[in-house]
Amino acid sequence: MKTRRDFISKMALGTVAAGLSLPACSEDTSTNQAPAQGKIPLAISTWPFGTKANDEAWKILAGGGSALDAVEQGVRVIEADPSNQSVGYGGLPDRDGHVTLDACIMDSNGNCGSVAALEHIMHPISVARRVMERTPHVMLVGEGALDFALTEGFQKQNLLTPEAKARWEEWAKTAQYKPRVNAELHDTIGMLAIDEAGNIAGSCTTSGMAFKMRGRVGDSPIIGAGLYVDNEVGGAAATGLGEEVLKSLSTFLVVELMRQGASPQEACEQALDRIIQRNGGKVDFQVGLIAVNKAGVTGAASIQGGFSFSLYQNGDNSVHKAKHLV
Ligand code: SD4
């Protein structure tokens, strides 16, 4: 029987042979793989910019606040940051120039809320939370999501910054759509937190793939794809090529693997292996996963190199390189 290790080393050779270039994440100032000890409270989020989100989340967690508040408030910092071109305000638009946002949130009771293809609202994560708390539904999309946000008092605003508009105009000259391996063209923030009481919550928010088709929705607002939490077991969040995450419901899979006894690290790697195998080993795209179990042990992995994550635990908020499988 072929082991995973055989498969991975083959993959590595195949990648070199195919001459794929795998650019590193430009912001990466990380140390090595995550510490494996469990300690709560904690906040873990995707990519180096997650440290800013973790800082905000930590203010809540350190004061004894809930994981749910922490994951909402944490990612709002990134949504409001115009320099981040893959989340919220300042996000790169679709091919027609519209900034459309996807987000979801999940609490420790298994409740969840989600919005997709939401325009003009800076904080889709907070709209998703309102969907969870104030409607009988899980998910609202497009105009309906916008109408709901406006009735909830959210302000309509232009999310297309001059910088994002300029990049879109530049792109439109050739209008070539090629999802890139890493790069800021698609960097979602996913966050998981455990509060002092031991409760787990998660959030995920993105402007999706830059220059996507109008109406395209990725994995990020889909419960079980971009995010999944089970308070008995743990949680997981995803970043990368949403279509691939959707095809295998990667975060649901990570949580189920942990339920069956896998460590968070093993679960992330096995879920990514599933994607690699589904593609017959031909993986020129990126998917990254982060996970945490009930004991506060974390894990993270990606298909390609260049994925890192931010972990605030034990008084330390720092960036770590995730192990990659190819
Ligand atoms: C999407 N998963 O819309 C998101 C994009 C992303 O890192 O995560 N990029 O497919």
Side-chain angles (χ1 to χ4, degrees), residues 22-28 44-50 53 75 78-79 81 84-88 90-95 98-105 114-119 124-125 128 139 141-142 159 164 177-192 202-228 236-254 268 271-272 275 283-291 300-310 322 324:
L22 308 173
C25 183
S26 55
E27 289 179 78
D28 187 358
I44 181 171
S45 51
T46 53
W47 303 107
F49 57 64
V75 302
I78 311 302
E79 288 180 336
D81 180 355
N84 184 312
Q85 296 197 319
S86 53
V87 180
L92 291 170
D94 65 15
R95 61 181 54 182
H98 307 276
V99 179
T100 68
L101 305 177
D102 297 339
C104 72
I105 193 161
S114 158
V115 290
L118 173 64
E119 293 180 51
I125 198 64
M139 186 168 193
V141 305
L159 302 178
Y177 181 67
K178 274 203 197 121
R180 300 227 320 248
V181 171
N182 268 314
E184 74 285 13
L185 282 183
H186 61 96
D187 292 348
T188 295
I189 183 150
M191 176 180 256
L192 305 162
S203 61
C204 188
T205 178
T206 190
S207 51
M209 302 302 261
F211 319 131
K212 60 197 175 186
M213 285 178 72
R214 181 139 177 81
R216 180 265 186 190
V217 171
D219 60 315
S220 304
I222 307 297
I223 299 297
L227 175 74
Y228 198 71
T239 179
L241 186 60
E243 281 71 8
E244 291 299 329
V245 177
L246 280 166
K247 287 178 203 166
S248 58
L249 293 178
S250 303
T251 59
F252 182 73
L253 179 57
V254 168
C268 288
L272 293 172
I275 295 177
V283 282
D284 61 354
F285 53 82
Q286 176 67 305
V287 173
L289 295 171
I290 57 171
S302 58
I303 293 181
Q304 317 286 349
F307 174 55
S308 41
F309 64 95
S310 302
H324 57 97

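Numbering starts at 1 and runs along the sequence shown. Every value quoted in this text rests on a predicted model; they were computed, and no experiment measured them. Order of listing sets the numbers, starting from 1, for every ligand and every atom in it.
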- Task: Sequence neighbours left out, what passes side-chain contact (heavy atoms from CB on, under 4.5 Å) with Leu118? Give chain and number order.
- Result: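 If we apply the side-chain contact (heavy atoms from CB on, under 4.5 Å) test to Leu118, skipping adjacent residues, the hits are Val115, Ile121, Pro124, Val127, Ala145, Leu146.
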
- Task: Under the side-chain contact (heavy atoms from CB on, under 4.5 Å) rule, collect the residues that match up with Arg95, sequence neighbours excluded.
- Result: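 With neighbours one apart ignored, the set is Trp171, Tyr177, Met213.
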
Distance-only N or O hit between ligand 1 and [X], under 3.5 Å:
X	value
Asp102	no
Thr188	yes
Gly242	yes
Gly240	yes
Trp47	no

Proximal ligand 1 atoms for [X], defined as those under 4.0 Å from one of its heavy atoms:
X	answer
Gly208	3 (O)
Ser220	2 (N), 4 (C)
Asp219	1 (C), 2 (N), 4 (C), 10 (O)

- Ion pair check, Lys212 and Asp94, cut-off under 4.0 Å: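 So Lys212 does not pair with Asp94 through a salt bridge.
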
- Message: Strictly below 4.0 Å, N to O, side chains only: are Glu243 and Arg216 in salt-bridge contact?
- Response: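 Salt bridge present between Glu243 and Arg216.
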
- Item | Minimum heavy-atom distance Gly226-Cys204, with the two atoms named |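 Scanning both residues, the minimum pair turns out to be O-SG, 3.8 Å.
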
- Ser302 side chain to Ala322 main-chain N or O, any donor-acceptor pair under 3.5 Å?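 Side chain of Ser302 to backbone of Ala322, a donor-acceptor pair under 3.5 Å: no, none is there.
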
- Item | Worked verdict on Ser310 versus Trp47 for side chain to side chain donor-acceptor pair (under 3.5 Å) | CA-CA 6 Å; Ser310 302; Trp47 303 107; over 6 Å; no

- Query: Counting only heavy atoms, which portion of Arg216 has something under 4.0 Å from ligand 1: side chain, backbone, both, or neither?
  - Reply: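 Arg216 to ligand 1: side-chain contact only, backbone stays beyond 4.0 Å.
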
